[in-house]
Asker: 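Take a look at this one; I'll ask things after.
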2 protein chains.
Amino acid sequence: MPLSHAQVVDAARAILVRDGLEGLSMRRVASALEVQPGALYHHVPDKQTLLAAVADRILAGVDEPLGRWRPAVEAWAASLREVLLAHRDSAELVATARGFRLSRHDTTRHPATLLAAAGLPPEAARGAASALLYFVLGHCAEEQARQDWERFHPPGPATDADDGFELGVGLLLDGVAARAGNLE
Amino acid sequence: MPLSHAQVVDAARAILVRDGLEGLSMRRVASALEVQPGALYHHVPDKQTLLAAVADRILAGVDEPLGRWRPAVEAWAASLREVLLAHRDSAELVATARGFRLSRHDTTRHPATLLAAAGLPPEAARGAASALLYFVLGHCAEEQARQDWERFHPPGPATDADDGFELGVGLLLDGVAARAGNLE
DNA sequence: ACCTGAACACCGTTCAAGT
DNA sequence: ACCTGAACACCGTTCAAGT
């Protein structure tokens with residue numbers, strides 16, 4: 001039975017979760033699938049595209065809640081964070097993959113829609129959704145870098161990551177509320 | 001005349017600006033200095049530490065403006081963006097180097113001080129400063145990824161990056177204003 | 001102390017040859 | 001079409017040996 005594209009992406013995702021981003025090499029994906037490295041290139045054009053596919057697969061698990069704009073956006077942000085924290089190093093992976101411009105997944109589409117419904121002009125809604133995404137990625141990358149660090153080093157001083165997360169989202173949404181016409 | 005730590009960091013920074021982050025290898029730094037790769041390890045323990053030193057050197061150029069909190073924080077954010085945009089791929093470099101936890105530079109110290117003076121409790125001031133940093137890094141990483149892309153591909157649809165930047169900073173600072181006691 | 005020369009254990013990617 | 005085997009052009013890092 002020949003290898004499929006989905007199997008390659010899945011194997012890569014499994015290695016990411018087990019060994020982290022720095023352990024995710026084409027050769028290790030190949031060896032996990034018991035295949036020669038060159039065989040991967042029948043299913044994926046290069047490593048960048050494979051990483052983008054892994055990022056898309058992870059992001060596919062993010063909820064797209066509806067309802068009153070503020071709780072819905074807060075739930076979206078919380079779901080994004082939850083999905084990222086469930087996959088080691090995925091915040092950095094997603095940030096990196098965004099740079100390649102090879103993603104199919106449009107991460108900001110849903111929050112931008114919610115913010116436009118709140119009364120923000122389309123341009124501002126997209127901008128605010130991007131700002132939210134940057135904050136969540138930056139915050140989760142920091143959390144995951146700390147987790148990676150503490151795999152091999154003694155834990156540093158405890159910090160409440162949840163509080164910091166809610167603060168950042170809250171500040172941005174307060175800013176939105178101040179500018180949005182429709183406060184329902 | 002023997003090589004110095006500063007020369008190694010400078011050579012690395014020059015290669016970053018010319019060739020980008022993916023072109024920045026220990027072997028290229030060595031060959032720019034007309035030295036064998038192994039020679040670098042007398043001045044730097046490993047590549048991660050070198051990257052962190054380059055990031056610190058770049059961030060040393062960021063202004064630390066004083067005065068009324070809101071214009072001062074806006075000026076800090078604008079200066080950070082300016083410094084990042086002047087060094088190819090530096091937003092991604094700084095984000096990556098932060099993950100190593102090898103930096104001497106405390107990027108959020110100054111804005112956190114300004115925000116505390118604005119009336120935010122110390123914990124919230126640090127959180128808001130981090131949120132600002134995440135936004136600036138994310139926004140600049142996106143700008144620089146686009147610049148890298150357009151080195152070899154036709155330009156995509158024009159977007160106004162300045163507007164997006166001011167929007168993000170404005171949303172966060174509106175949120176701060178809503179929570180800060182001292183509005184001077 | 002500082003550097004060379006050479007090696008070690010890896011990378012991503014390509015490609016003729018086989019089935 | 002799909003994979004193997006083998007190669008190519010790179011990596012980061014280490015270390016005996018020289019000065």
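As the structure is a computational prediction, the values presented were derived from the model and not from experiment. Just so it is clear: chains get the letters A, B, ... in the order the sequence lines come, proteins before strands, and each one is counted from 1.
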Asker: Can you tell me which residue among A:Glu143, A:Glu142, A:Glu150 is in a salt bridge (charged side-chain N to carboxylate O under 4.0 Å, His left out) with A:Arg146?
Answerer: A:Glu150

Asker: Grab the two heavy atoms, one from B:Tyr134 and one from B:Arg98, that are nearest each other, plus how far apart they are.
Answerer: CE2-NH2, 4.5 Å

Asker: For the side chain of B:His110 and the backbone of B:Pro65, is there at least one donor-acceptor N/O pair under 3.5 Å apart?
Answerer: yes

Asker: Please indicate whether B:Gln147 has more than 12 foreign heavy atoms, meaning atoms of other residues, nucleotides or ligands, lying under 6.0 Å from its CD.
Answerer: yes

Asker: Okay, side chain of A:His5, backbone of A:His43: is any donor-acceptor separation there less than 3.5 Å?
Answerer: yes

Asker: Name the stems that DNA chain D belongs to, where each is three or more consecutive Watson-Crick or G-U pairs with both distances under 3.5 Å?
Answerer: C:4-8 with D:12-16, C:12-16 with D:4-8

Asker: Would you kindly give the CG-to-C1' distance between A:Leu33 and D:dC3, to the nearest whole Å?
Answerer: 13 Å

Asker: Answer yes or no: is there a donor N or O on one side and an acceptor on the other, between the side chain of A:Glu92 and the main chain of A:Leu137, under 3.5 Å?
Answerer: no

Asker: Side chain of A:Thr113, backbone of A:Arg109: donor and acceptor closer than 3.5 Å?
Answerer: yes

Asker: Pair up each side-chain donor or acceptor in residues 20-34 of chain A with any protein partner under 3.5 Å, not counting sequence neighbours, and list the distances.
Answerer:
unit_1, atom_1, unit_2, atom_2, d
A:Ser25, OG, A:Arg28, N, 3.1
A:Arg28, NE, A:Gly23, O, 3.4
A:Arg28, NH1, A:Asp19, OD2, 3.2

Asker: Each nucleotide in nucleotides 4-11 of chain C should get exactly one letter: B, S or -. Can you fill that in based on protein heavy atoms under 4.0 Å?
Answerer: BS-B---B

Asker: Count the heavy atoms of every other residue, nucleotide or ligand shown that sit under 6.0 Å from CZ of A:Arg151, and state whether that count exceeds 12.
Answerer: yes

Asker: Pull out every residue in residues 8-22 of chain A that has a heavy atom closer than 4.0 Å to any atom of DNA chain C, ordered by number, or say none.
Answerer: none

Asker: Under 4.0 Å between a side-chain nitrogen and a carboxylate oxygen: does that hold for A:Asp174 and A:Arg179?
Answerer: no

Asker: Any idea how B:His153 and B:Trp149 line up, ring-wise: parallel (<30°), tilted (30 to 60°), or perpendicular (>60°)?
Answerer: parallel

Asker: Can you tell whether the side chains of B:Asp148 and A:Arg101 come within less than 4.0 Å, N to carboxylate O?
Answerer: no

Asker: Checking side chain to side chain contact (heavy atoms under 4.5 Å, CB included) for the pair A:Trp69/A:Leu115: CA distance, chi angles, key distance, verdict?
Answerer: CA-CA 7 Å; A:Trp69 72 268; A:Leu115 293 170; 4.0 Å; yes

Asker: Rounded to whole angstrom units, what separation is found between the OH atom of A:Tyr41 and the P atom of C:dG12?
Answerer: 6 Å

Asker: Please enumerate all protein N or O atoms sitting under 3.5 Å from an N or O of nucleotides 17-19 of chain D, with distances to 0.1 Å.
Answerer:
none

Asker: Can you pull out the residues from residues 87-95 of chain A that lie within a 4.0 Å heavy-atom distance of DNA chain C?
Answerer: none

Asker: For atom CZ of B:Arg18, decide whether the heavy atoms of other residues, nucleotides or ligands shown that lie under 6.0 angstrom number more than 12.
Answerer: no

Asker: Give the rounded distance in Å between these two atoms: CG of A:Leu50 and P of C:dG12.
Answerer: 10 Å

Asker: Reading DNA chain D from 5' onward, which residue's closest nucleotide shows up sooner: A:His43 or B:Gln48?
Answerer: A:His43

Asker: Spell out, as yes or no, whether a donor-acceptor pair under 3.5 Å connects the side chain of B:Ser90 to the backbone of B:Leu93.
Answerer: no

